[in-house]
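Below, chain A is the first sequence line, B the second, and so on; all start at residue 1.
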Protein chains: 2
Amino acid sequence: MPPRRKSRQRERIYELISASMEHPTAQRLFETLKKEMPSASLGNVYRNINILVEEGRVQCRMFGDGVEHYDAITGSHYHFICERCRTVTDFTMPLQEEITAKARTMTGNTITGHTIQFFGICDACVKKTNKGRKQ
Amino acid sequence: MPPRRKSRQRERIYELISASMEHPTAQRLFETLKKEMPSASLGNVYRNINILVEEGRVQCRMFGDGVEHYDAITGSHYHFICERCRTVTDFTMPLQEEITAKARTMTGNTITGHTIQFFGICDACVKKTNKGRKQ
DNA sequence: TTACTTGCAAAGATTTTGCATCTGT
DNA sequence: ACAGATGCAAAATCTTTGCAAGTAA
């Protein structure tokens with residue numbers, strides 16, 4: 001890993017990832033960034049994201065739509081995926097340590113941790129459904 | 001969804017997905033299939049996988065390596081991902097219903113289910129490590 | 001015969017890379 | 001001035017599609 005110079009673009013990308021509740025894709029980050037730095041390029045967004053991942057400041061996750069989503073590392077948390085609009089949001093629930101423990105005792109394997117995704121319909125989509133429904 | 005004719009290739013793909021403990025990618029399925037049906041094409045493997053998914057016989061999952069893995073639907077189960085070799089295997093552990101319940105009471109959201117991935121080092125990789133280590 | 005299936009090649013989509021230029025230190 | 005950062009375009013990957021030929025029913 002080469003020494004890193006300070007890069008305004010990279011820091012801004014980190015801020016954008018931290019700030020968003022949804023977990024942005026490279027494409028979405030690029031669109032946002034482009035408004036503030038019109039010369040920004042998608043290729044370099046990818047490059048910077050990968051550096052952030054390498055530095056352990058950002059995590060890369062797949063949520064089933066075939067595109068990578070990025071997530072600032074702020075301690076463990078789970079995710080909620082809306083089955084209708086595919087939006088991914090943080091799900092604030094204390095880390096279920098006992099699940100890892102349970103898994104560990106069930107197998108001889110070396111288990112270091114777990115992730116959970118919850119599925120359902122988000123509030124926004126629930127509202128949309130109700131609006132369209134005859135009462 | 002058009003009516004489906006019986007297709008030997010599609011059924012064979014389903015068998016291959018069901019039979020493997022690891023969760024194969026399209027590329028891997030294609031390689032295996034090619035040995036028995038040399039004329040098989042990758043494009044058609046994708047087409048058949050997508051039909052199996054559409055029919056609800058197979059599930060498509062991403063495990064963080066940027067490629068889709070396929071999984072025969074045999075009831076709920078979790079997954080174990082080796083952080084060293086990235087192999088994904090089924091993790092047989094009873095479905096933790098209480099987690100969904102807990103999540104449901106913690107938020108007003110409509111929650112229908114969850115998936116869990118466990119991370120760690122698989123037995124094969126542990127062995128490899130120990131071999132290389134001075135005792 | 002009809003219309004689903006297949007192989008092939010081309011097109012799409014997402015991510016990575018090479019190279020010349022720019023910039024922080 | 002040096003070495004990392006950037007923009008651009010090309011390449012690499014993975015997945016989907018159009019089309020003509022094959023095949024189950």
Report yes if a donor N or O on one partner sits less than 3.5 Å from an acceptor N or O on the other, where the partners are the side chain of A:Arg4 and the base of D:dA5; otherwise report no.
-> no

Assess the side chains of A:Thr100 and A:His114: does a donor N or O sit below 3.5 Å from an acceptor N or O?
-> yes

So, is A:Ser7 close to the C:dG24 phosphate, meaning a side-chain N or O under 4.0 Å from OP1 or OP2?
-> no

A:Arg47 (side chain) and C:dT17 (base): donor-acceptor pair under 3.5 Å | no

May I have the distance from A:Ile51 (atom CD1) to C:dT15 (atom P), rounded to whole angstrom?
-> 17 Å

When you match A:Ala26 and B:Arg5 each to their closest nucleotide on DNA chain C, which lands nearer the 5' end?
-> B:Arg5

Within this structure, what is the CG-to-C1' distance between A:Leu42 and D:dA10, rounded to whole angstrom?
-> 14 Å

With A:His79, the side chain to side chain donor-acceptor pair (under 3.5 Å) member among A:Asp71, A:Thr89, A:Thr115 | A:Asp71

Of the listed nucleotides D:dA25, D:dG7, D:dT15, the one nearest the side chain of B:Val67 | D:dT15

Examine C:dT6: is either OP1 or OP2 under 4.0 Å from a nitrogen or oxygen in the side chain of B:Asn48? Give yes or no.
-> yes

Taking only side-chain nitrogens and oxygens of B:Asn50, does any of them come within less than 4.0 Å of OP1 or OP2 of D:dT15?
-> no

Would you say a side-chain N or O of B:Gln9 is under 4.0 Å from OP1 or OP2 of C:dG7?
-> yes

Give the nucleotide from the list C:dT16, C:dG7, C:dT6 with an atom nearest to the side chain of B:Ser41.
-> C:dG7

Between D:dT15, D:dG7, D:dA5, which nucleotide gets closest to the side-chain atoms of A:Ala40?
-> D:dG7

Once the angle between the rings of B:Tyr78 and B:Phe118 is folded into 0 to 90°, is it parallel (under 30°), tilted (30 to 60°) or perpendicular (over 60°)?
-> perpendicular

Just how far, in rounded Å, is C1' of D:dA5 from CZ of A:Arg12?
-> 18 Å

Atom NZ of A:Lys6 and atom P of D:dT6: how far apart are they, to the nearest Å?
-> 14 Å

Quick one: A:Phe30 CZ to C:dT14 C1', roughly how many Å, whole number?
-> 14 Å

Which residue, B:Arg8 or B:Met62, contacts DNA chain D at a nucleotide closer to its 5' end, judged by nearest heavy atom?
-> B:Met62

Look at atom CZ of A:Arg28 and say whether more than 12 heavy atoms of other residues, nucleotides or ligands are closer to it than 6.0 Å.
-> no

Taking the six-membered ring of A:Tyr14 (Phe, Tyr or Trp), confirm whether the NZ or CZ of A:Arg57 is under 6.0 Å from its centre and within 45° of its axis.
-> yes

In whole angstrom, what separates A:Glu54's CD from C:dT16's C1'?
-> 14 Å

Phosphate-side-chain proximity, B:Tyr46 and D:dT15, N/O vs OP1/OP2 below 4.0 Å = yes

Roughly how many Å is it from CD in B:Glu11 to C1' in C:dT6, rounded to a whole number?
-> 16 Å

Please give, in whole Å, the distance from D:dT15 P to B:Asn44 CG?
-> 15 Å

